[in-house]
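Here's the structure we're looking at; comments come further down.
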Amino acid sequence: MKPARRQRLILIALMVIGIGTAVGFALKSFNENLMYFFSTTDVMAGKAPNDALFRLGGMVVKGSVQRPGNGLTVHFTLTDFSKEVAVEYTGILPDLFREGQGIVANGKLDSRGVFVAEEVLAKHDENYMPPEVKASLKQQVEGKYPPPLI
Amino acid sequence: MFLFPDPVGRFFHRMASPPHFYALTDKLMPWLVGIFLILLVGGLYGGLYLAPPDYQQGDSYRIIYIHVPSAWMSLFIYIVMAMAGAVGLIWRIKLAEIVAISSASVGASFTFIALVTGSLWGKPMWGAWWVWDARLTSELILLFLYLGVIGLYNAIDDKRTASKAVAILALVGVVNIPIIHYSVEWWNTLHQGPTVTKMDKPSIHVSMLVPLLTMAVAFKFYYVIAMLQRARLELLQRERTAAWVKKMVTEQQP
C-alpha cells in the first residue's frame, strides 16, 4: 500500500474509533434517560418520580386482572418476578394485552401506592410460532397431557 | 494489494474501470431481475399464504415479511455505503464513490418502509403509532443520516468533492449501526428483542422463518438492481465527456 493511502486509511480508522468511543461514553452517561420504562423493582425502591408521569413495565400477573363494575376500568398487578405493583387503568386495552404478557403503562403513583395508568401499551415478545406448536409446548410444560403422537 | 489474492485484486481492478463496469452490469441485469422476481414471488407466497398464523397475533404478524427485511436492509446498505465511501476516500476510486451515493436513496427508502410498516403494526399491537424508545429513535436517526447524505451530495456542485464530504458523513454515522442493532438489548425498549439475528436459536418457527429469509435475500437482490441502475446513470453523467461514452453513443445511433 502506498504511504499516502496508508495514512488516509489510518486517519479514517482513527476517526471511526474516536467517534465510537465518544458516543459510547455519552450513551453510558445518559443510560438512565434512554430506558423507556422503570421496572417494578425500581418503583418499589423509590427510584421512580413521585408526582410526575413515568412509564412502568412488567408482566401482567396471571389471575390478577379484575374488572370492578361494568365500565372500562381494569385492575391488575405487574411483576418483574421480584416485586409487584398494582395498576389501575380506564380505557381500551391493546390487542396483545393478556395475563402473562409484558406491557408498558404510562401514568403516576397515587397516595395508596397504586399506579394509575393513562395509557397502556403491549410489549410484544420475540417469539413467533403457529398456534398448534404453542398448544403442544404448553401441554409438555404443564405435563397434564402426554405429548402429542404425530 | 497485499490483503487479497491476485485474482481477486485483478477482478476489482477491472470492475473499477468504468467501461467494463457499464458493459458487465448491462449483461448481469436480466439475471438479477429474474432471480429477484422468483425470490419475491416465492417469499410473498410463502409468507402470506403458506406460513401459519401466529399463536398471539394471528395474521397481523405477516407484516414482518416486509418490515424485518427492510429494517435489515436499512442497516446493511448503510454499511455498504460507508465502506464504499471509505474505499473512495482511501484509493480515490471513482466507482466506489458512485456506489456509495447510489446506495443512499435505496437505503433511505428501506428505512422509510421499515418505519412506516412498524408504525402500522404498532397501533393495533402495542396501542401506539410511535414511541420514543431507543430502537425507534435510532432508526429514525438513520433515516436522517441517509437524507443528510443525499442532501449534502446534491448541495456540492463538484461531484468528486461532494463524494468526499458524503463519505466522511457516512463514516461518522456508522456509530449508529451497532446502536440500532443492540438498542433492544442495552436498554428497556417497547420494541421486542431480536428473533433471528442472535447467537441463540431463532425464536421463530421454521415454517415462518423460511419465507422471511427468502424475502431478505429478495430484498438484497432488489438493492443490487436499484443501486446498479442508479450507479450506471451517475457514471454516464460523470463520464459524459469520456471517449468510451462517446464511442458507445455513436455506435448505437446508425
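Just so it is clear, the values below take in all heavy atoms, side chains as well, and ignore hydrogens, waters and symmetry mates. In what follows, chains are A, B, ... by sequence order, proteins preceding strands, each numbered from 1.
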Are there more than 12 heavy atoms of other residues, nucleotides or ligands under 6.0 Å from atom [atom1] of [X]?
X	atom1	value
A:L14	CG	yes
B:F112	CZ	no
B:M83	CE	no

Please state whether the side chain, the backbone, both or neither of [X] comes within less than 4.5 Å of a heavy atom of chain A.
X	answer
B:P178	neither
B:T137	neither
B:L209	neither
B:V184	neither

At what distance, to the nearest 0.5 angstrom, does OG of B:S74 lie from CD1 of B:I180?
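One gets 6.0 Å once the value is rounded to the nearest 0.5 Å.
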So, taking the atom named NE2 in A:H124 and the one named CE in B:M125, what distance separates them when rounded to the nearest 0.5 Å?
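Taking NE2 in A:H124 and CE in B:M125, the distance rounds to 8.0 Å.
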Max heavy-atom pairs within cutoff under 4.5 Å with chain A, candidates B:D133, B:D54, B:V175, goes to B:D54
Just so I understand: if I count every heavy-atom pair under 4.5 Å between each of B:I90, B:T195, B:V206 and chain A, which residue has the most?
B:I90
Let me know if [X] has heavy atoms under 4.5 Å from chain B in its side chain, its backbone, both or neither.
X	value
A:Q7	neither
A:M129	both
A:R98	side chain
A:I12	side chain

Could you check which of [options] has the highest count of heavy-atom pairs closer than 4.5 Å to chain B?
options	value
A:R5, A:K123, A:R8	A:R8
A:E119, A:R55, A:Q101	A:Q101
A:V104, A:L11, A:V16, A:N31	A:N31

B:W126 and B:W130: side chain to side chain contact (heavy atoms under 4.5 Å, CB included), yes or no, with the steps?
CA-CA 9 Å; B:W126 291 344; B:W130 181 264; over 6 Å; no
Which pair of non-hydrogen atoms, one from A:F97 and one from A:V65, has the smallest distance, and what is that distance?
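Residues A:F97 and A:V65, closest heavy atoms: CE2-CG2, 4.3 Å.
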A:F25 and A:F30 aromatic centres sub-6.0 Å:
no
Is the B:F76 to B:W72 ring centre distance short of 6.0 Å?
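When the ring centroids of B:F76 and B:W72 are compared, they turn out to be at least 6.0 Å apart.
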